[in-house]
Amino acid sequence: MARTAAEQRERGYGQALRAAESDIARQQQMAQFAPQFELQARQQQAGLLGGLAGQQLQGLGLLGGIGAQQQALQQRAIEAQRGEFARALAYPGQQLGLLGGAVFGMRPGTAQSTGYSPSSFERLQAGLSAYQTAQPLFSNLFSSAQTPTQLPQVNLPTTLPGTGGYPIG
């Protein structure tokens, strides 16, 4: 029994020794090829970083375009507010002129205020709205499949109370 235990220990030691030797050989191979693997890893990282930089530049370009659109919208809003402010400043003078014209009559050479002048887009929008409103009416008027409608008959009295029974008309 002692002999088998010693043999088993010896076999175990031999296996451990072979595993350690193969591990040392593998580490030596890795050390030999490590500079090449490190170079490949660095090249791969550089390639990935270059692609990432391109994506970041593209994202920045898109953000710049969005920023320009927002700036243009805000500028239009500011211009509209300025126009409203200018109209509000002119309102008292306009009212005074209208009241003065009503009290004293219009005199030649007096300034008249101009009315609201819609833009081309507002005119187009109003025209489309009117067309959409009137289109069903015109399509019903001119369609050939329309059946004639009968008007209800209204019977009116021929005389009115208080006329002494004389017919009207």
Side-chain angles (χ1 to χ4, degrees), residues 19 22-157 160 168-169:
S22 70
D23 192 35
I24 289 172
R26 197 174 354 209
Q27 286 178 357
Q28 286 176 349
Q29 280 182 336
M30 289 297 287
Q32 183 181 5
F33 294 115
Q36 183 181 4
F37 289 143
E38 187 176 332
L39 181 62
Q40 287 177 351
R42 299 247 185 232
Q43 287 174 345
Q44 186 179 11
Q45 287 175 348
L48 292 175
L49 291 177
L52 181 62
Q55 289 175 349
Q56 287 175 343
L57 286 175
Q58 182 182 9
L60 286 174
L62 293 174
L63 286 175
I66 291 171
Q69 288 176 346
Q70 287 178 343
Q71 183 183 11
L73 284 173
Q74 289 173 350
Q75 191 63 39
R76 298 297 183 284
I78 289 170
E79 289 171 3
Q81 291 170 351
R82 281 185 182 165
E84 288 296 319
F85 183 71
R87 273 195 283 274
L89 285 178
Y91 183 74
Q94 179 185 7
Q95 290 297 315
L96 184 62
L98 291 174
L99 289 174
V103 171
F104 300 111
M106 289 300 286
R107 289 173 285 161
T110 58
Q112 291 187 0
S113 62
T114 60
Y116 173 70
S117 176
S119 68
S120 299
F121 177 74
E122 290 172 328
R123 289 179 186 154
L124 178 66
Q125 190 176 19
L128 285 175
S129 177
Y131 172 76
Q132 289 174 347
T133 303
Q135 194 270 337
L137 176 69
F138 288 117
S139 67
N140 288 339
L141 281 176
F142 299 115
S143 69
S144 60
Q146 185 179 10
T147 59
T149 58
Q150 288 187 343
L151 297 176
Q153 184 177 359
V154 178
N155 295 324
L156 296 175
L160 291 176
I168 39 178

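The basis for the numbers below is simple: all heavy atoms, side chains too, and nothing from hydrogens, waters or symmetry mates.
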### Task
Start with the C-alpha gap between S117 and E122, add the side-chain angles, then the distance that decides, and say whether side chain to side chain contact (heavy atoms under 4.5 Å, CB included) holds.
CA-CA 10 Å; S117 176; E122 290 172 328; over 6 Å; no
#### Entry: Qualifying residues under side-chain contact (heavy atoms from CB on, under 4.5 Å), relative to F121, sequence neighbours excluded
S119, Q125
### Query
Taking only residues two or more places apart in sequence or in another chain, which ones pass side-chain contact (heavy atoms from CB on, under 4.5 Å) with P92?
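side-chain contact (heavy atoms from CB on, under 4.5 Å) list for P92, sorted by chain: empty.
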### Summary
So OH of Y91 and CG of L96: to nearest 0.5 Å the spacing works out to 12.0 Å
### Query
Between atom OG1 of T133 and atom CG of L128, what is the distance when rounded to the nearest 0.5 Å?
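Here the interatomic distance stands at 10.5 Å.
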### Message
Per the side-chain hydrogen bond (donor to acceptor under 3.5 Å, both in side chains) rule, what does the pair list look like for residues 72-87, sequence neighbours excluded?
### Response
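Only E84-R87 qualify under side-chain hydrogen bond (donor to acceptor under 3.5 Å, both in side chains).
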May I have the list of side-chain donor-acceptor pairs in residues 57-71 shorter than 3.5 Å, sequence neighbours left out?
none

